[in-house]
Every structure is written in C-alpha cells, then in structure tokens.
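Structure, as structure tokens:
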Number of protein chains: 2
Amino acid sequence: MMQLDKIVNYHKALADPTRMRILLLLSEGEMNGQALAEKLNLSQPTVTHHAAKLREAALITERRDKNVVYFAQNPYFIKQHAEASLQFITKMGEDVMTAEPVNETLKTSVLRNFFAKDGRLRQIPAQYKKKLIALQHMVEELEPGRQYTERDLNEFIKQYHEDFATIRREFIMHHFMYRENDIYELNPREQWTKWEQVK
Amino acid sequence: MMQLDKIVNYHKALADPTRMRILLLLSEGEMNGQALAEKLNLSQPTVTHHAAKLREAALITERRDKNVVYFAQNPYFIKQHAEASLQFITKMGEDVMTAEPVNETLKTSVLRNFFAKDGRLRQIPAQYKKKLIALQHMVEELEPGRQYTERDLNEFIKQYHEDFATIRREFIMHHFMYRENDIYELNPREQWTKWEQVK
DNA sequence: TATCTAATTAGATATTTATCTAATTTTATG
DNA sequence: CATAAAATTAGATAAATATCTAATTAGATA
C-alpha cells in the first residue's frame, strides 16, 4: 500500500533523537551543517546523513549560499504529515462524517458534515479530496478580480475558521489564489486545482 | 532531555510497517493475537513483539478474556502524542501566543490568547499547563451539584468548541468532573487537578 | 592556478531490531 | 490431573542504520 509507506517513512524520519534535536534547533531558525555538527557534537557527515533523511521526508528544506548550505524546518509539511498520519491510523477522516453516505455526493456530504449550520468550518478536513472541497466552498465566496490585502483575506477566512494562516496558505498552495506584492487575488477557476472525479 | 525520548519513542513505535498495519486493523475494532498473526501472515511471537512496542508507547490497550488477549487502539493517546510531537518540533505551543508576556500571569495570557472575544476557545492548548487553564476556565461555568446528561454537557462545551468529545474526555481525565451511570457532575474544586504554581 | 572551507560520498563498524523456531507460561476444560 | 489453546519468553539470525574516518566534490578567493 502506497500511503502506508509514506506515513511509515515520516515516522522513521522522526524516530531518532539526533534528528529530533536537529528539528528542534531549526525551530529557532535556519542553520548550516557545520553549526549543527558543532551543536550536536557530531561529525559533519553524520549531519549530512540525517539531513538527507529529513529532506526525503520533506521535513526540512535547504538553500545554498556560496558554499554553505542552510537547513530550515518545513513546518507546513511537518504539520501535514502529522495530520495525515493521525488520520490514517485512527480513520478519523470519517469521525465527523458519521457514516459514509451512499445517496449523496462527496461534495454534499463534506458541506453537510464539515460546515456547521452557521456556515463555519468545524475542522479542516485532513483527507485531500475533502479538504479541496472545503477550500473551494470558501473560495467561491470571494469576489473575482478583487484585490485583497492579507488583512482582508484573514478577516474573510476568520468567518469560517480561526486558523486563517493555514487556510490562507492552502488557498495559495492549491492555486485558488495567487499573491503578488502582498496582494491576494483569485485565480480563474480553470486554474483551480483539478482533482479526479469529485462529482 | 526527558520529553525528547518520549516523543522519539512514539515515532519509533509508528516507524514500522507491521505496527502501522496492526493499528490499521485495530481501527476497525479489537482483535486477538492469533487473528492478527493470521491477517498479517506473521508468527504469534512477532505479533507479541510488536504489541509490546505499541503498548509501551501507550498506543494500544489490552484486555484478557479467558486465555485470549484482545488488543485495541488507544485513540486518545494516539492523538495526544501526535499533537504533543507536532508541538514539540515546531514550538507551535506559542503560535497563538504571539510573544510570551512578561507583565501578566500565565492564566491571563491563556485567557486572552486562546479565547476569542466572543468567549469561544480558538484551539485547545497543547501545552499541559495551558490546557488545564483553558479547561478550568470552561468548567467554572458549570453549576456545582447539577447533574448533566452527556447531551447537556456536549451542548455546553459546544458553546466553546466544536470538538466536544475531546474536551469532555479531558474534563474527566483531569478530575474536573466524574461520570456515573451516564450522568456527569462537577467534582469539588479540591479534587481538580492541581498543577504547580500557576498563580 | 593554488588554496581554503563547507559539504558530500564511500566504506567500515557496531548497534538496533524484525523475524523466526523452540521452550515455557497461563488459563480453561475433559 | 492431563490435555489443549493462546500467549509470552528465550535465543538465534539477518537486515537496517547511526556513526565514524578518509577521500572527493563544489564553490570562493588570494
């Protein structure tokens, strides 16, 4: 099973005290290999070794400046993987959805189960398809062509959910919106993330 | 560092495909050792081995009936550990709290930062102390001596947060309330979880 | 070009660990 | 008490992996 390996690899990446300490150090900000080696009292090759594993699991990113490589946390993926894993293990994907409906489309069921009567988003779906449906539902209330400041957008999102930062990021990530010079604007619908047959 | 080992062990427990498959099977409901061995095509000792690791990490529970041992997921701890780990790595504990205040008590800052103006709980604090403060804040609005049905209690909690199930469980777990015959009631304040000097 | 620094790659070693078979323990039952 | 069924424990083995030193590569600069 594909999904399973991915999740196991995520946990393998975190199943080592040295790598955990690296992430901990990086939570303060980026660091280069040498600095990490020193802080951890390890050789540089050892740091390279662990960095490779963390990179494979998409938990860190790297940038090169001259001949020094700076490592940084990738908090978005750390969070995504943590949620996906929890979901996978406990099948909590369905916990809001009491039972998988048969006579209604996925979209209807997401709208019914993840949004409260007052229209607020109960929780961000962790399953990919469902998340996209929820995002799209919100994004459809934005005005095409209008330029939103970050503040505007945050306020808009807060109507639905407190965690505006995550949702704003998702809007960009899935190409519902784009940002230029700190101004956010809707993408044309054709560019919105397409996913397989969500009827 | 103590915390670190605990979190690493949690991930070690999940960093193996066999154990992941066990949890997956258990997400459907409890199973005994033989059944697991058969489903996984492994010997019974191997199952025992993995079960021990999962138990050490508090991810499963076991009950014995006659001479067969039934394993079951411990979804509460799975979730707790996932959140604690995420928190630990990304230091998200402070993410709602923009900066650690100096001139106000922890309690004031939790109330200010985790509760919205309308009184709702933005998110359940993941840090232990802060979580207790938030729980206590809510629990103080319950009537001493009143007997709450589960429905009553859910409604009460939903005033604050959608995830009433988790919060209800926390109320019990930290001895703010107790349940008897499906009726919930406040514990006297003296029994509420005491924590170190949260002034 | 020669040299210096940071990083990676290669290769070796020791530790951890997933799995098995065989033996033992636990609990129930004829 | 003898037998049976399920589980655990003991011990062995093979695979995975964390770490090191030595050698190499990448990039910058004198």
Side-chain angles (χ1 to χ4, degrees), chain A residues 1 4-26 29-73 89, chain B residues 1 4-26 29-74:
Chain A
M1 189 187 285
L4 188 141
D5 282 341
K6 215 167 120 190
I7 291 174
V8 168
N9 283 336
Y10 159 74
H11 288 289
K12 274 192 186 172
L14 297 176
D16 178 274
T18 300
R19 285 194 287 275
M20 196 56 79
R21 291 175 64 207
I22 289 175
L23 286 174
L24 212 50
L25 286 169
L26 296 183
E30 61 178 19
M31 280 181 93
N32 65 357
Q34 297 236 109
L36 282 172
E38 194 167 332
K39 277 272 187 193
L40 297 167
N41 248 310
L42 293 172
S43 69
Q44 216 178 16
T46 302
V47 170
T48 299
H49 168 77
H50 289 298
K53 300 225 158 183
L54 289 170
R55 183 172 7 87
E56 279 162 29
L59 302 182
I60 62 170
T61 58
E62 304 177 8
R63 80 180 170 87
R64 177 159 214 137
D65 182 30
K66 316 255 166 166
N67 56 353
V68 15
V69 174
Y70 294 91
F71 302 93
Q73 269 201 3
I89 299 168
Chain B
M1 186 188 286
L4 189 140
D5 282 343
K6 217 167 119 188
I7 291 175
V8 168
N9 283 338
Y10 159 74
H11 288 289
K12 274 192 187 172
L14 297 176
D16 178 273
T18 301
R19 285 194 287 274
M20 195 58 79
R21 292 175 63 207
I22 289 174
L23 286 174
L24 213 50
L25 287 168
L26 296 183
E30 62 177 21
M31 280 181 92
N32 65 357
Q34 297 238 105
L36 281 172
E38 195 166 332
K39 278 270 187 192
L40 296 168
N41 248 309
L42 292 172
S43 69
Q44 215 178 15
T46 302
V47 170
T48 298
H49 168 78
H50 289 298
K53 301 223 159 187
L54 290 169
R55 183 173 4 88
E56 279 161 31
L59 301 182
I60 61 170
T61 57
E62 305 176 10
R63 80 181 169 86
R64 178 157 214 139
D65 181 31
K66 317 258 166 159
N67 55 354
V68 18
V69 174
Y70 294 91
F71 302 93
Q73 269 200 2
N74 190 345

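Quick note on labels: first sequence line is chain A, next is B, and so on, each numbered from 1. Quick note: numbers below take in every heavy atom, side chains included, and nothing from hydrogens, waters or symmetry partners.
Remark on the helix from C:dT1-D:dA30 to C:dG30-D:dC1: inter-end axis angle 0°, axes from five-pair C1' superpositions, rounded to 10°.
Residue B:T48 places at least one side-chain N or O under 4.0 Å from the OP1 or OP2 atom of D:dT8.
Heavy-atom distances under 4.0 Å link DNA chain C to B:K53, B:R64 of residues 51-65 of chain B, given in residue order. Of all the residues in residues 34-41 of chain A, A:Q34 reach under 4.0 Å from DNA chain C with at least one non-hydrogen atom.
A donor-acceptor distance shorter than 3.5 angstrom exists from the side chain of B:Q73 to the backbone of A:I89, with no hydrogens or angles considered.
Atom CD1 in A:I22 sits about 11 Å away from atom P in D:dA18, given to the nearest Å. D:dA16 atom P lies 13 Å from atom CG of A:N9, rounded to whole Å.
Heavy-atom minimum distance, A:L4 versus B:P17: CD2-CB, 3.7 Å. Taking every heavy atom of both residues into account, B:F71 and B:L36 meet most closely at CD1-CD1, 3.9 Å. When all heavy atoms are compared, the tightest approach of A:K53 to A:A13 is O-CB, 4.2 Å.
Nucleotides of DNA chain D nearest to A:K12 and A:S43 differ in position, and the one nearer the 5' end is that of A:K12. Along DNA chain C, the nucleotide nearest A:Y70 and the nucleotide nearest B:K66 are compared for position; the residue whose nucleotide lies closer to the 5' end is A:Y70.
Where DNA chain C meets chain A (any atom under 4.0 Å from a heavy atom), the bounding nucleotides read 5' to 3' are C:dT5 to C:dT9.
If you check distances only, the side chain of B:N67 does reach the base of D:dA5 with a donor-acceptor pair under 3.5 Å.
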Check against side-chain contact (heavy atoms from CB on, under 4.5 Å), B:E56 and B:N9: CA-CA 9 Å; B:E56 279 161 31; B:N9 283 338; over 6 Å; no
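Applying the side-chain hydrogen bond (donor to acceptor under 3.5 Å, both in side chains) rule to A:S43 yields the partners A:T46; only residues at least two apart in sequence or on another chain are considered.
Contact of the A:L25 side chain with the A:L40 side chain is registered, since non-hydrogen atoms from C-beta on lie closer than 4.5 Å. Here the side chains of B:R19 and B:L14 are not in contact, with every heavy-atom distance at 4.5 Å or above.
Counting only residues at least two apart or in different chains, salt bridge (charged side-chain N to carboxylate O under 4.0 Å, His left out) contacts with residues 57-72 of chain B comprise B:E30-B:R63, B:R55-B:E62.
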